[in-house]
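Working notes, beginning with the structure itself.
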Amino acid sequence: MLSELLRASSSKPPNQLKKIHGLVLTTGFSVKNSLLTQMLENLVLVGDMCYARQVFDEMHKPRIFLWNTLFKGYVKNQLPFETVLLYKKMRDLGVRSDEFTYPFVVKAISEIGVLPCGFALHAHVMKNGFECLGIVATELVMMYMKFGELSSAKFLFESMQVRDLVAWNAFIAVCVQTGNSAMALEYYRRMCADAVQFDSFTVVSMLSACGQLGSLEIGKEIYDRARKEDIDCNVIVENAKLDMYLKCGSTEDARVLFDEMKQKNVVSWSTMIVGYAMNGDSKEALGLFAMMQKEGLRPNYVTFLGLLSACSHAGVVNEGKKYFNMMVQSNDKNCEPRKEHYACMVDLLGRSGLLEEAYEFIEKMPLEPDAGIWGALLGACAVHRDMNLGQKVADLLVETAPDIGAYQVLISNIYAAAGKWDCVDKVRRKMRKLGTKKVAAYSSVEFGGKIHFFNRGDKSHPQSRAIYEKLEEILKKIRNLGYVPDTGSVFHDVETEEKESSLSHHSEKLAIAFGLINARAEHPIRVMKNLRTCDDCHVFAKFVSRLTSRDIIMRDKNRFHHFKNGVCSCRDFW
DNA sequence: ATAGGGTTAG
């Protein structure tokens with residue numbers, strides 16, 4: 001009777017499960033593990049891990065699969081620390097893990113992100129002889145990728161005896177997730193060469209990779225191949241393609257696809273809205289949201305992020321406030337404003353010059369403001385040259401954002417602009433002490449099925465000579481149009497050394513010159529940059545678009561710049 | 001009985 005009750009309770013909410021559990025206890029029967037097992041599984045299913053743990057602790061000598069059930073629950077509910085603690089307890093009690101245990105624990109460790117623990121765990125896996133198991137090995141490979149240990153991950157992946165489709169997909173997916181999309185492409189090509197038949201999972205990751213790389217042509221090619229090979233192109237695949245188009249700056253293609261899609265979900269709509277916002281098409285973004293509401297679809301927190309960033313971009317403060325209030329009043333757990341939304345609001349207010357209001361907004365917010373929020377205000381202070389507030393915020397941020405290089409650079413630039421060189425020194429020393437990493441700037445252009453990368457002053461490209469000649473020629477011509485190299489700007493997150501050294505050989509300038517030489521005249525020149533573009537390159541691109549009548553689409557770390565006839569769609573520079 | 005892969009934001 002009781003076991004039937006429990007079996008039937010699997011879909012019940014946690015509080016009802018607890019009542020049933022209480023009932024079981026009051027019957028006075030000796031509670032058998034089989035009953036508790038059912039109970040535990042139900043609790044893990046509904047995600048009440050606290051209660052699940054209680055039930056587990058009541059059990060007498062639980063068998064290994066019960067431990068595993070609990071591990072599964074912890075991992076599924078994103079409680080990596082509980083997972084690891086449980087693993088430790090298990091070892092202390094002398095219970096041996098089996099091959100089902102390790103995938104959970106490895107996943108937890110990679111989420112926590114402590115490399116030495118990862119190594120130790122790998123050693124345990126090897127000691128128990130589980131390393132040759134595909135599933136465990138796959139998790140380990142993903143763990144190393146997440147730790148940034150590319151060579152360990154590659155080595156382990158290569159040494160797997162059996163690499164099935166899931167192993168390939170997992171590896172490619174984690175490459176994309178960790179920002180190594182060029183590597184994902186490399187392995188995709190190898191997968192094809194090895195004649196491993198890919199599936200829709202592969203396609204989704206690869207479309208995402210192409211979005212990251214700005215490789216419109218390669219992305220289209222992969223999608224077309226998927227259609228030809230009769231791979232199931234479900235909503236997720238279509239969404240990924242949509243995102244790829246938008247990340248390549250091709251809002252037109254995206255819209256055509258979006259309108260054609262038979263099945264659309266919140267992600268499709270949000271992708272479009274966010275994409276329009278990124279591309280500076282705020283009107284379309286807001287219009288799409290109106291359509292979405294008409295269709296009766298519920299937005300989620302990502303949708304609102306897109307909306308707020310669209311408002312910020314268009315400088316429509318009241319619209320932004322309207323959407324923010326909509327979130328607050330919606331009473332929908334999915335739409336509660338998170339820190340990112342507050343950061344968006346600060347950005348919106350700050351960008352529009354309402355710095356005081358932005359500051360008050362932060363002071364009044366119910367969540368603890370983080371570096372991202374202060375950073376948004378600091379960026380706005382920099383744009384509006386408000387040194388008083390800027391310094392105040394910089395002072396605050398100096399303490400709370402010790403490890404994010406971009407903020408430190410912004411702070412030191414603010415101090416520099418205010419002439420407070422002792423403060424500049426202090427920040428720089430701190431950066432050096434903390435070893436704040438300076439990410440090297442690079443730009444890339446897709447051409448001929450390949451991605452061409454350029455560093456500043458790069459001479460490694462085979463067409464290098466032609467590129468520099470083209471650059472010289474262009475610089476000469478646009479000087480006549482009124483271009484003056486801007487060496488004085490201090491307000492973006494680039495290092496001083498970078499500013500001082502050959503401004504005219506910035507990676508995006510080389511990439512644009514490369515595009516001018518190679519890209520077909522009717523196509524826009526698409527340039528991707530890993531960091532933010534500097535003022536001078538921005539002005540440069542405007543002039544080039546005017547001089548050559550070519551459209552330049554440049555994506556930097558934050559947003560798109562569509563240059564057409566000497567004008568850019570963005571409001572970040574003027 | 002229990003284990004590995006995919007889309008939007010940062």
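A, B, ... follow the sequence lines: proteins, then strands. Residue 1 opens every chain. No hydrogens, no waters, no symmetry mates; every other heavy atom, side chains included, goes into these values.
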(message) So if I take every side-chain heavy atom of A/Tyr301 and compare against B/dA3, B/dA9, B/dG6, which nucleotide ends up nearest?
(response) B/dA9
(request) For A/Ser200, answer base if it contacts any base atom (sugar-phosphate contacts may also be present), sugar-phosphate if it contacts only those atoms, and nothing otherwise; contact means non-hydrogen atoms under 4.0 Å. (result) base
(request) Check every strand shown and say whether A/Asn234 touches a base, only sugar-phosphate, or nothing at a heavy-atom separation below 4.0 Å. (result) base
(request) Would you mind classifying the nucleic acid contact of A/Asn265 as base, sugar-phosphate or nothing, using non-hydrogen atoms under 4.0 angstrom? (result) nothing
(message) Closest approach to the side chain of A/Val204, judged atom by atom: which nucleotide of B/dG4, B/dA9, B/dT7 is it?
(response) B/dT7
(message) Determine whether a donor-acceptor pair (one donor, one acceptor, N or O, separation below 3.5 Å) exists between the side chain of A/Asn239 and the base of B/dG6.
(response) no
(request) Answer yes or no: side-chain N or O of A/Ser205 and base N or O of B/dG6 forming a donor-acceptor pair under 3.5 Å. (result) no
(message) Applying the 5.5 Å / 30° rule, does A/Phe201 stack onto the base of B/dG6?
(response) yes
(request) May I ask you to say what A/Glu99 touches in the nucleic acid, namely base, sugar-phosphate or nothing, with a heavy-atom cut-off under 4.0 Å? (result) base
(request) Please check the phosphate of B/dA1 (OP1 and OP2 only) for any side-chain N or O of A/Gln38 closer than 4.0 Å. (result) no
(message) Whether A/Glu229 and A/Arg225 form a salt bridge (side-chain N of Lys/Arg under 4.0 Å from carboxylate O of Asp/Glu) is what I want to check.
(response) yes
(message) Mind checking if A/Val267 touches a base, just sugar-phosphate, or nothing, with heavy atoms under 4.0 Å?
(response) base
(message) By nearest atom, which of the nucleotides B/dT8, B/dT2, B/dG4 is closest to the A/Phe65 side chain?
(response) B/dT2
(request) Output every pair passing ring pair (Phe, Tyr, Trp, His ring centres under 6.0 Å) with a member in residues 243-285 of chain A, not counting sequence neighbours, ordered by first then second residue. (result) A/Phe258-A/Trp269
(message) If the cut-off is 4.0 Å, is A/Lys247 near the phosphate of B/dA9, judged by side-chain N/O to OP1 or OP2?
(response) yes
(message) Under 4.0 Å, counting only non-hydrogen atoms across every strand here, what does A/Ala167 touch: a base, just sugar-phosphate, or nothing?
(response) base
(message) What contact category does A/Lys107 fall into here, base, sugar-phosphate, or nothing, at under 4.0 angstrom with non-hydrogen atoms?
(response) sugar-phosphate
(message) Among residues at least two apart in sequence or on other chains, which ones pass side chain to side chain donor-acceptor pair (under 3.5 Å) with A/Lys89?
(response) none
(message) When you measure from the side-chain N and O atoms of A/Lys72 to the phosphate of B/dA3, is any distance below 4.0 Å, counting only OP1 and OP2?
(response) yes
(request) Specify whether A/Tyr144 and A/Phe119 have parallel, tilted or perpendicular ring planes, treating 30° as the upper limit for parallel and 60° as the lower limit for perpendicular. (result) tilted
(request) Run the salt-bridge test on A/Glu319 and A/Lys322 with the 4.0 Å N-O cut-off and return the result as yes or no. (result) yes
(request) Just call it for A/Val176: base, sugar-phosphate, or nothing, with non-hydrogen atoms closer than 4.0 Å on any strand. (result) nothing
